[in-house]
There are 2 protein chains.
Amino acid sequence: MADCGTIGINFRFMPVFPNNLSLRQLRAFDEVARQGAFAPAARELCITQSALSESIRQLEEALGMRLVDRTTRTVGLTSAGQAFLQDVRHAFDTLEQGVQHLSDLAALRRGKVRIAAAPSVLAVLLMPALPRLRAEHPGIEVDLIEDSAEGIALRVHSGQVDFGVGAAHPAGGELLTQPLVSDQMGLVAQADEPLLQAAQLHAADLAQLPFVGLTTDTAISQLLATAPGMPANVLHTPLRVSNPALLFDAVRQGLGVSLIPALTAQHPARGALGFRVLDTPQVVRRTLLIQRPRRALSPAAQLLCEALVAQVHTLSHQAGMLPD
Amino acid sequence: MADCGTIGINFRFMPVFPNNLSLRQLRAFDEVARQGAFAPAARELCITQSALSESIRQLEEALGMRLVDRTTRTVGLTSAGQAFLQDVRHAFDTLEQGVQHLSDLAALRRGKVRIAAAPSVLAVLLMPALPRLRAEHPGIEVDLIEDSAEGIALRVHSGQVDFGVGAAHPAGGELLTQPLVSDQMGLVAQADEPLLQAAQLHAADLAQLPFVGLTTDTAISQLLATAPGMPANVLHTPLRVSNPALLFDAVRQGLGVSLIPALTAQHPARGALGFRVLDTPQVVRRTLLIQRPRRALSPAAQLLCEALVAQVHTLSHQAGMLPD
DNA sequence: CGGTGTTACGTCGAGCGTAACAATA
DNA sequence: TATTGTTACGCTCGACGTAACACCG
């Protein structure tokens with residue numbers, strides 16, 4: 001490498017910063033001031049007197065100023081030393097505080113997690129885990145952002161969220177995905193709908209029923225569109241809503257039935273509506289955990305990740321759930 | 001030396017302080033964050049990428065936490081890294097400020113000097129130098145403390161003042177002294193006193209005049225007491241005052257004449273009173289510069305010291321002055 | 001003498017550069 | 001392919017300890 005600092009244009013600000021001095025020297029100075037003598041300070045620092053003496057000498061040389069008045073028997077600080085000591089200790093406190101902050105992050109005493117996810121994931125997988133998380137880690141802030149598959153991908157890619165949960169989507173380029181849970185599509189209808197009690201439920205059975213769909217930008221809608229054997233009224237619905245909660249409201253109002261994933265059926269907004277898995281075709285929705293590649297999750301984000309997986313396991317016995 | 005940290009009782013506070021990390025690593029971290037990449041940061045730091053990479057690795061290892069997310073092409077900070085960066089920069093600013101303070105002290109832009117001295121020294125040697133000093137170094141604070149020889153010695157010994165100027169005194173133990181100026185004792189009297197014009201002035205000439213003295217705790221009084229050939233009215237005075245200003249007032253009131261050093265005669269409070277050196281005996285007062293041994297003077301104190309010496313030279317042509 | 005801080009000197013390891021590698025755009 | 005970050009491997013210089021010294025109580 002070319003020797004630096006030769007002609008280079010970029011001298012920048014360069015305020016003669018302590019390029020020379022080291023934390024060792026400053027720590028040594030602090031301890032000498034604290035102890036008022038070299039010998040005990042050296043013991044405290046776990047070095048010999050000679051090493052300590054050398055450190056102080058170097059520090060004074062680097063600063064071009066005498067900091068300590070040596071009197072063989074007792075040691076005192078120069079007025080300059082006293083002034084400098086203030087700042088050194090302040091800097092130490094700041095650094096120590098910084099390390100403490102890191103420790104807090106690692107120990108989950110502090111932190112902030114931002115998650116983007118599909119509505120059902122938020123309501124069914126994350127919300128139930130929050131009370132315990134809030135109780136056990138009150139210092140961790142959580143932002144839950146409801147979004148579409150595309151929005152999730154974009155938010156993950158831009159780093160706006162720590163990770164996302166939802167369907168795969170090409171937006172956002174290459175993202176690191178990991179299967180979290182798969183579930184089957186099923187019929188949601190008013191409780192007295194006879195099909196809910198049928199021995200077998202086929203997609204064709206829905207052909208004559210009024211059908212309420214999700215807007216076409218949703219991953220679920222697109223999943224149904226690619227599934228084989230879907231009757232026309234399922235593929236082209238006269239009424240489309242953008243999220244499960246509205247869908248449940250529509251079904252409850254008698255506007256029709258719908259097909260939703262089993263996980264979404266766990267949404268509290270379903271209320272007393274009935275649900276059963278579709279036997280043919282088996283339409284499986286895969287929900288992924290989506291991260292930026294080569295980006296480490298913060299400890300708090302890991303915690304929520306784990307809570308998410310745990311919640312998946314809790315719900316794994318429900319009809320139509322296929323945990324990965 | 002016994003290996004430290006074994007059983008020792010003194011674990012003290014020991015808050016897992018950054019015992020490992022160094023300023024180099026922190027500076028490297030700061031620069032990586034600033035540049036957003038290793039290569040330019042390494043150039044800025046005048047080291048190779050490999051060295052920089054190693055520094056960051058060590059820092060992360062010391063902190064037990066990933067600070068930088070490497071993406072080969074671009075580099076981002078972990079949330080932990082962002083939080084830590086704040087504190088690191090704050091600590092840097094504090095240190096830089098400390099160094100700046102030292103620089104200010106050295107360049108006489110800031111500073112504080114405390115001086116203890118005899119009244120005549122303050123009024124005659126220091127006061128005249130102050131206007132220029134205040135003009136040239138407005139950031140330097142000066143404390144002038146008027147005191148007796150004993151008080152000066154004690155204040156110097158205790159470190160309450162940077163240095164003292166006055167007569168020698170055993171109080172305060174071993175002090176570093178340096179002759180500053182010597183001057184002869186002389187007669188101070190109302191301007192019409194015939195002795196002021198005499199060809200020769202002998203101590204015995206004062207025997208019949210009313211005499212006003214300084215209190216016996218003053219160095220001048222003690223000096224006169226040990227001088228040979230002093231008439232009784234000089235040695236035992238019915239009226240004693242504690243400082244030259246009062247003495248001048250007394251003489252002006254016609255209460256008597258007195259003997260004072262030539263330097264003191266330069267005191268502005270003398271007004272129109274006459275002064276002439278005593279021819280026999282020649283009584284010489286030695287004024288010393290008094291410092292604590294093995295204690296370096298601050299730059300500001302040195303400045304005042306030099307101003308003091310310069311003022312001595314300015315007055316060296318006056319009658320009775322014997323600069324050393 | 002006991003204890004202080006300083007200096008001299010030999011040793012060892014941390015920190016660096018060179019070079020080869022891996023991975024992205 | 002060009003550029004970036006990582007790893008491997010010597011090397012050198014700085015930081016340490018031992019020891020001898022100088023100094024004060």
Side-chain angles (χ1 to χ4, degrees), chain A residues 1-5 19-29 31-33 35-62 66-78 81 157 173-176 292-296, chain B residues 1-5 19-29 31-33 35-62 66-78 173-176 292-296:
Chain A
M1 151 156 228
D3 54 339
C4 185
N19 277 327
N20 320 327
L21 43 80
S22 73
L23 278 187
R24 266 188 30 266
Q25 295 162 354
L26 296 176
R27 174 89 187 95
F29 172 57
E31 195 62 40
V32 166
Q35 301 286 342
F38 278 52
R43 279 192 291 274
E44 196 64 38
L45 295 168
C46 303
I47 57 176
T48 58
Q49 288 183 24
S50 69
L52 176 58
S53 181
E54 177 67 8
S55 281
I56 297 294
R57 195 195 62 76
Q58 286 176 3
L59 180 61
E60 289 177 329
E61 184 188 0
R66 201 158 190 76
L67 298 176
V68 178
D69 274 325
R70 282 87 153 171
T71 318
T72 318
R73 213 53 178 178
T74 189
V75 164
L77 263 55
T78 304
H157 181 77
E174 307 246 324
L175 293 176
L176 184 64
R292 260 218 293 197
R294 324 243 166 196
R295 284 289 198 271
Chain B
M1 153 158 228
D3 54 339
C4 184
N19 276 327
N20 320 327
L21 42 80
S22 74
L23 277 186
R24 266 190 28 268
Q25 295 162 355
L26 296 176
R27 174 89 187 95
F29 173 56
E31 196 60 42
V32 167
Q35 302 286 344
F38 277 53
R43 277 192 292 274
E44 197 64 38
L45 294 168
C46 303
I47 58 176
T48 57
Q49 289 183 23
S50 69
L52 177 58
S53 181
E54 176 68 7
S55 281
I56 298 295
R57 198 195 61 75
Q58 285 176 4
L59 180 60
E60 291 177 328
E61 183 186 1
R66 202 158 189 76
L67 298 176
V68 177
D69 273 326
R70 283 86 153 170
T71 319
T72 316
R73 212 54 179 178
T74 189
V75 164
L77 291 183
T78 303
E174 308 248 322
L175 294 176
L176 184 63
R292 257 212 302 192
R294 324 239 167 199
R295 284 288 200 270

(request) Measure from CD on B:Gln58 to P on C:dG13 and round the result to the nearest Å. (result) 15 Å
(message) If I take atom CG in residue A:Leu52 and atom P in nucleotide C:dG3, what distance separates them, rounded to the nearest angstrom?
(response) 19 Å
(message) Once side chain to side chain donor-acceptor pair (under 3.5 Å) is applied, do any residues pair with B:Ser53, and if so which ones, sequence neighbours excluded?
(response) none
(request) Can you sort out the partners of B:Glu60 under side-chain contact (heavy atoms from CB on, under 4.5 Å), two or more places apart, ordered by chain and number? (result) B:Ile56, B:Arg66, B:Leu67, B:Val68, B:Arg70
Tabulated below should be each protein N or O lying under 3.5 Å from an N or O of nucleotides 6-11 of chain C; please produce it.
| unit_1 | atom_1 | unit_2 | atom_2 | d |
| --- | --- | --- | --- | --- |
| C:dT6 | OP1 | A:Arg70 | NE | 2.4 |
| C:dT6 | OP2 | A:Ser53 | OG | 2.7 |

(request) Check the distance between D:dT3's C1' and B:Arg43's CZ and give it to me in whole angstrom. (result) 11 Å
(message) Whether B:Ser55 contacts C:dC16 is assessed here as follows: a side-chain N or O lying under 4.0 Å from the phosphate OP1 or OP2. Is that the case?
(response) yes
(request) Calculate the interatomic distance between A:Leu21 atom CG and D:dG14 atom C1'; express it in whole Å. (result) 16 Å
(request) Measure from the side chain of A:Thr48, starting at C-beta and using heavy atoms only, and say which of C:dG5, D:dG17, C:dG15 lies closest. (result) D:dG17
(message) Please enumerate all residues that pass side-chain contact (heavy atoms from CB on, under 4.5 Å) together with A:Ala62, with sequence neighbours excluded.
(response) A:Asn20
(message) Among residues at least two apart in sequence or on other chains, which ones pass side chain to side chain donor-acceptor pair (under 3.5 Å) with B:Thr78?
(response) none
(message) Using OP1 and OP2 only, check whether a side-chain N or O of B:Arg294 sits under 4.0 Å from C:dG5.
(response) no
(request) Specify the separation, in whole Å, of atom CZ of B:Arg295 and atom P of D:dC24. (result) 14 Å
(message) Holding to salt bridge (Lys or Arg N to Asp or Glu O under 4.0 Å), I want the full list of residues that pass it with A:Arg295, two or more places apart in sequence or in another chain.
(response) B:Asp69
(message) Just the rounded figure in Å: distance from P of C:dA14 to CZ of A:Arg24.
(response) 13 Å
(message) Tell me the interatomic distance from B:Leu45, atom CG, to C:dG17, atom C1', rounded to whole angstroms.
(response) 15 Å
(message) Tell me the interatomic distance from A:Glu174, atom CD, to C:dA25, atom P, rounded to whole angstroms.
(response) 8 Å
(request) Search all heavy atoms of B:Arg27 against all heavy atoms of B:Leu45 and return the closest pair with its distance. (result) CG-CD2, 3.8 Å
(request) Specify the closest pair of heavy atoms between B:Leu52 and B:Ala42, including all atoms of both residues, with the distance to one decimal. (result) CD2-N, 3.5 Å
